[in-house]
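In this chain, residues are counted from 1 in sequence order. Predicted, not measured: the structure shown is a model, and the values here were computed from it.
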Amino acid sequence: MWWLIAAVVLVAVLAGLLRWRRPAWYWLSFGVTFATCRVLGRYRAVMDVCGLTVPPPRWRLAIARMANRPVPEPQAPRILRLRPTRTGLVLRLGLRPGQDAFDVAASCDRLRHSFGMFGVTSREIRSGVVELRMTGYDVLRRVQMPARAERSTMRVPVALREDGDVHYRDYRTTPHALTIGATKSGKSVYQRNLVAELAAQDVALVGIDCKQGVELFPLARRFSALADNPDTAADLLDALISHMEDIYQLIRAEQRITADTPDADIAADIWDLPDHLRPVPIVVLVDEVAELALFATKDEEKRRDRIITALARLAQLGRAAGIYLEICGQRFGSELGKGITMLRAQLSVRTAHRVNDETSANMAFGDIAPDAALATVQIPVSAPGLAITGDASGGWSRIRTPHTSLRAAVDACNKHAHLTPDLPALDAFRPVLASPAVPVAIPAPVVPATP
């Protein structure tokens with residue numbers, strides 16, 4: 001009998017050690033079994049106390065009275081499927097007549113405590129069917145992306161969501177995006193991860209980095225055009241608009257609008273064109289938009305209006321021409337001048353890392369999801385990379401980007417440098433890959449003489 005006790009103690013110690021050091025391993029080996037038993041064993045009682053049951057139908061009450069039987073208990077939603085995942089459980093429920101998906105969503109926090117899970121989120125699959133995604137541990141504490149994340153044309157994985165799913169950046173669904181965050185909030189790492197994923201795609205990358213190129217120029221081998229100051233950025237954006245107009249002329253010439261042409265063959269954007277005619281899509285990354293909007297003189301004000309007007313035109317018209325915007329900044333509000341709010345309205349995807357004040361959060365989510373702004377200001381300083389993301393539909397979720405070092409992003413860009421397309425309209429802005437620069441002598445600080 002002693003060996004059985006020793007084995008139980010050893011398993012308990014192993015489970016505790018895994019739960020402390022490797023929560024993902026603990027979940028796959030022990031946690032999923034314990035959680036399944038808790039959910040199935042407590043299901044009916046939990047649904048009852050959470051107010052997610054309905055009275056039995058009248059015909060059952062009538063039969064119980066005629067047969068002199070006990071009154072049937074209230075009915076909970078039917079369990080259609082219970083599926084374990086690598087991060088938690090997926091419980092699909094069939095709602096009873098009179099129940100609403102909103103009632104289930106409002107009870108998620110109570111369900112989390114009652115089932116002993118780390119997090120519970122709900123979404124409506126179709127009428128009468130709700131899916132609960134329950135996580136067994138904090139998947140955002142140590143982000144581990146799945147080894148086989150799905151990738152397709154202009155759709156890349158960039159982060160992990162709090163429900164354990166992968167968060168994708170899909171340019172064909174939501175063309176333009178805004179990313180804000182304070183210093184050291186993880187905004188640059190998010191951008192690096194995005195560039196590293198896009199480097200393997202058949203896409204042209206265009207960068208505007210007015211911090212003298214310190215963020216984007218290390219990745220220059222994969223960029224078709226780069227600008228490191230506002231003057232060059234203004235010329236680059238004008239060249240992009242001319243390129244966009246040329247693409248529209250190509251689409252017009254290939255629309256094939258005739259009486260015998262099927263509707264599906266009529267071209268309205270670059271993705272409707274034949275493969276041999278389709279221009280390469282372009283992703284424009286703006287590292288710090290405030291540097292493009294601030295001015296101090298009349299000449300700088302004219303340049304600023306020119307830049308913001310060009311960005312607004314690209315946001316309004318660029319989608320059909322395959323030009324997509326990724327705009328980053330610490331703040332993005334009306335204090336940056338006229339045209340900023342019009343530009344922000346065109347940026348469907350909003351991602352907010354830790355911000356310094358509630359006003360900055362409202363700049364990102366105040367017009368689409370006010371409750372997401374409250375979640376943004378609660379991001380702690382100790383969790384860089386943690387962010388709130390949402391879109392114009394009003395839905396939002398917490399995500400966290402895996403740490404991508406600058407060295408890893410540079411290696412990815414160098415590996416796929418042969419995919420960098422040549423765009424004649426942007427040749428003047430193609431980064432020059434020079435030999436290693438001569439070290440710049442930094443003057444020594446002046447030390448005041450002692451009396």
Side-chain angles (χ1 to χ4, degrees), residues 150-158 168-177 191-209 216-217 219-227 232-233 235-256 265-287 310-311 313-327 346 348-349 409-410 412-433:
E150 297 180 4
R151 293 171 175 84
S152 58
T153 304
M154 302 306 296
R155 184 175 184 265
V156 293
V158 293
Y168 292 91
R169 179 71 180 92
D170 192 345
Y171 288 93
R172 297 184 64 177
T173 302
T174 49
H176 311 303
Q191 189 180 61
R192 283 181 212 157
N193 192 39
L194 182 63
V195 172
E197 289 289 343
L198 288 173
Q201 297 261 340
D202 186 15
V203 60
L205 299 178
V206 174
I208 298 176
D209 182 5
L216 295 182
F217 268 76
L219 316 173
R221 291 186 180 274
R222 187 56 184 86
F223 276 75
S224 299
L226 276 172
T232 307
D235 296 335
L236 174 56
L237 291 172
D238 289 341
L240 279 171
I241 290 177
S242 298
H243 179 68
M244 177 184 68
E245 293 172 350
D246 294 340
I247 293 177
Y248 278 130
Q249 292 298 324
L250 173 63
I251 296 174
R252 282 286 303 275
E254 295 295 328
Q255 278 189 317
R256 303 183 298 277
D265 295 337
I266 298 176
D269 57 31
I270 65 169
W271 304 108
D272 297 327
L273 295 174
D275 293 342
H276 67 283
L277 292 177
R278 181 180 302 138
V280 62
I282 301 174
V283 176
V284 182
L285 297 107
V286 180
D287 182 66
L311 285 174
R313 292 187 63 189
L314 289 173
Q316 291 175 349
L317 307 175
R319 194 272 315 165
I323 300 177
Y324 310 106
L325 298 181
E326 283 284 344
I327 296 182
Q346 304 296 326
S348 302
V349 179
V410 170
C413 290
N414 293 343
K415 177 181 178 182
H416 301 288
H418 63 283
L419 297 177
T420 305
D422 293 321
L423 301 177
L426 305 180
D427 279 344
F429 308 97
R430 192 175 182 91
V432 178
L433 304 176

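- Salt-bridge annotation for Arg430 and Asp422: present, with a side-chain N of the basic residue lying under 4.0 Å from a carboxylate O of the acidic one.
- Looking at Tyr324 and Pro281, their side chains come closer than 4.5 Å, going by heavy atoms from C-beta outward.
- For Asp427, the side-chain contact (heavy atoms from CB on, under 4.5 Å) partners are Pro424, not counting sequence neighbours.
- Evaluation of the side-chain contact (heavy atoms from CB on, under 4.5 Å) rule for Ala239 yields Leu426, Phe429 as partners, not counting sequence neighbours.
- Thr153 is not listed as a side-chain neighbour of Val203, based on a closest heavy-atom distance of 4.5 Å or more.
- Note that Arg252 lies outside the cation-pi zone of Tyr248, set by a 6.0 Å cut-off to the ring centre and a 45° limit from the axis.
- At a threshold of 4.0 Å, the pair Glu254-Arg278 does not count as salt-bridged, since none of the basic side-chain nitrogens sits closer than that to a carboxylate oxygen.
- Proximity of Leu194 to Glu326: side-chain heavy atoms (C-beta onward) are separated by under 4.5 Å at one or more points.
- For Asp170 (side chain) and Arg155 (main-chain N/O), no donor-acceptor pair under 3.5 Å exists by modelled atom type.
- Looking at heavy atoms from C-beta onward, Asp202 lies out of side-chain contact with Leu419 at the 4.5 angstrom threshold.
- In this structure, the side chain of His176 engages the main chain of Leu325 through a donor-acceptor pair within 3.5 Å.
- For Glu197, the side-chain contact (heavy atoms from CB on, under 4.5 Å) test picks out Arg151, Val156, Pro157, Asn193, with sequence neighbours left out.
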